[in-house]
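Take a look at the structure set out below.
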Amino acid sequence: MRYNFDEIIDRRNTNALKTDALEPRYGNPDLIPMWVADMDFLSPPAITNAIIERAKHGIFGYTCPSQAYYDSIINWLERSHNWKIEQEWLEFIPGIVKGIAFVIDCFMTKEQKVIIQPPVYHPFRIIPTLHHREIVNNPLILDAGQYRMDIDGLRKAITADCHVLILCNPHNPGGRVWTRQELIDIAEICYDNNILVISDEIHSDLAFAPNKHIPFASVSEKAAQNSITFMAPSKTFNIAGIVSSFSVIPNKELRAKFQAYLTSSELNEGHIFAYLAAQAAYEHGGEWLSEAKDYLWKNITFVDEYLKTNIPQIKAMLPQASFLIWLDCKALNLSQKDLVSLFVNDANLALNDGVMFGAEGEGYMRMNIGTPLANIEKALHNLKRAIDTKQIH
Ligand SMILES: Cc1ncc(COP(=O)(O)O)c(C=O)c1O
């Protein structure tokens, strides 16, 4: 290994949401933070060095994206996901959650509804709701300990006023890398019903072999012509604070409309370090990412084995991508309030409450394992001690 993912780096007092919002969110600044979806590892040195070198120049005036920035994304998508895109399909956006809000504003009337497949990343519900759009839920099906899409359920759930479907590809919190068939089915149904697909592919670079991420827009012409894909180097290279997301829109009319919307408020103007960091990541981050994924997979395996041996009441849903583990705690037979209290007050851990992701998350907690193994060992020991002390069987 060239990079040291075991190094424990104190993130407190750096304005890291994960550490410095523990007190307001959980009432205790000393919990082990395993919630916000960023990692506790140093980003690839190539990114840090690019930022330092640029900062040394000392003039931070108005900035435009370079050709090298676009090329780095285009090459990365072809190399990593076998997806050939055109430069004109790309547009900077200041965050994927914001991007979802922009699509709602740009493409939907107030009366139109948004389809989501819970349990799912909570802003998929919260953002449309805050924009006064009704949500139509098509819950995922739990099948042999993994989620799959309810394709028949989707056909039944659709009404004439459904206009956007937000797809989490790969899935958070379940970690699924969707099959080509699942994506083709979504593409077919949505195209035929005039439902625009937002494919949020922020976790796409973190698929674990043999799983392979499939960009939604690449599965068929119907998918390509009826989708807006959002991607970012933020999860992949641990640079969420830099904010350097982008949209990919193959369809000319959709693209023109979205571009006009963004341009009218200059929402597609990136900042100096966003372009620079994304380019450095995509040009030079490959080796770091490969080692990071190996490390993450070892952490996932550790959690799984530890639970099986020591806390069999909790089952880990093994993610096919990314660093979030969906923990099935139903066998503890606790109310959601008591489950959260067990983690927070007894085990000293800050995880995400499963119901954040929808009612289907009842009995679950989401654990972020993007941290040195020593933190995970400590967290699991805490959890075991808490459960043993309370004599929960
Ligand atoms: C599925 C998904 N989409 C989007 C985001 C956040 O993206 P952004 O910071 O670009 O808004 C996250 C972060 O956890 C996520 O899991």
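Both counts, for ligands and for their atoms, begin at 1 and track the order of listing.
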Salt bridge present between D40 and R11 (N-O < 4.0 angstrom): yes
Test item: side-chain donor near acceptor, H381 and Y306, under 3.5 Å: yes
Under 4.0 Å from ligand 1 - residues by heavy atom, chain and number: A37, G95, I96, V97, Y121, C168, N172, D200, I202, H203, K235, S245
Within the 6.0 Å centroid threshold, strictly below: F246 and F92: no
N82 atom CG, neighbour heavy-atom count above 12 within 6.0 Å: no
Identified side chain to side chain contact (heavy atoms under 4.5 Å, CB included) partner of S43 from the options T236, I51, I239: I239
Side-chain ion pair, D388 and R385, N-O less than 4.0 Å: no
